[in-house]
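Since the structure comes first, as structure tokens, the remarks are kept for the end.
This structure is a prediction, so every number in the text was calculated from the model and none was measured.
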Amino acid sequence: MHYELCDFLMDIFQNAVESGAGQIELRLDQEEDCLDCCVADNGKGMAEEVIRQAMNPFYSDGQKHPGRSLGLGLPFLVQLLDSTGGEFSLDSTPGVGTTVRFRFNLANIDTPPMGDLVFTMVQMMSFPGDHEFVLHRSNSTRGVAYRVSRRELHEALGGMDDPEALGLAEAFFKSQEEIDG
């Protein structure tokens with residue numbers, strides 16, 4: 001179950017990594033009453049039939065997580081967006097990649113809270129695998145705008161395999177988000 005908006009971001013990001021993407025970009029643009037999200041990857045992409053299956057809440061191929069009935073991430077996201085005045089689109093081409101766009105209506109009382117965005121960004125940047133990840137973040141209500149590359153962050157921190165590097169990454173994202181403490 002997804003309790004926070006960051007849960008959806010992490011779910012879609014993980015899907016991009018697991019699709020074999022070498023390049024993933026996340027655009028996260030926030031205004032007073034909306035949050036626009038776009039996750040684009042150059043992974044294996046999906047044919048129309050696979051997209052229909054991914055949008056079906058009762059479908060699971062049983063290969064990604066054998067023995068577990070999963071695959072509800074996109075249907076839950078679409079259901080939440082439909083019920084809160086949001087928008088959703090998914091474009092995918094086999095062998096080219098996938099782009100998922102969604103807009104949350106932050107003014108709707110049923111839209112879940114954002115969650116711990118700094119923690120989510122650190123998780124994404126330290127996610128295992130040989131892929132590049134570029135985050136573009138803006139928040140016009142707080143005057144926040146920055147871009148971070150996973151490769152550049154790993155080079156600056158000497159990797160992200162130890163608690164000290166993870167702590168420095170957390171401090172970096174807090175400073176970018178202008179969060180004290």
Ignoring hydrogens and geometry, is there a side-chain-to-backbone donor-acceptor pair from N42 to G22 under 3.5 Å?
-> yes

Kindly assign one of parallel, tilted or perpendicular to the pair Y146 and F173, based on the angle between their ring planes and the thresholds 30° and 60°.
-> tilted

Decide if atom CD of E164 counts as having more than 12 heavy atoms of other residues, nucleotides or ligands within a radius under 6.0 Å.
-> no

Find the distance between CE (M125) and CD (E170) and round it off to the nearest 0.5 Å.
-> 14.5 Å

Note: D29 and S138 closest approach over all heavy atoms is OD1-OG, 2.7 Å

What are the two closest non-hydrogen atoms of L166 and S126, and how far apart are they?
-> CD2-CB, 3.8 Å

Which atom names give the shortest non-hydrogen contact between M46 and I51, and what distance separates them?
-> CB-CG1, 3.8 Å

State whether R151 and E132 are salt-bridged, where the test is any N-O pair (Lys NZ or Arg NE/NH1/NH2 against Asp/Glu carboxylate O) under 4.0 Å.
-> yes

Report the residue from I12, V100, D41, L9 that forms a side chain to side chain contact (heavy atoms under 4.5 Å, CB included) with L26.
-> L9

Does D11 use its side chain to pair, donor to acceptor, with the backbone of D7 at less than 3.5 Å?
-> no

Is the F102-F8 ring centre distance short of 6.0 angstrom?
-> no

Of all the heavy-atom pairs spanning G159 and A165, show the shortest one and how long it is.
-> O-CB, 3.4 Å

Using a strict cut-off of less than 4.0 Å between a Lys/Arg side-chain nitrogen and an Asp/Glu carboxylate oxygen, indicate whether R101 and D91 qualify as a salt bridge.
-> yes

For N139 and T141, the nearest pair of non-hydrogen atoms, with its separation, is OD1-OG1, 2.6 Å

Please list, chain by chain and in numerical order, all residues satisfying side chain to side chain contact (heavy atoms under 4.5 Å, CB included) with E152, sequence neighbours excluded.
-> R147, S149

For P75 and M55, which heavy atoms make the closest approach, and how far apart are they?
-> CG-O, 3.5 Å

In terms of side-chain geometry, is the basic nitrogen of K174 or E177 positioned less than 4.0 Å from the acidic oxygen of its partner?
-> no

Check whether any side-chain N or O of T111 sits under 3.5 Å from a backbone N or O of N105 as a donor-acceptor pair, and report yes or no.
-> yes

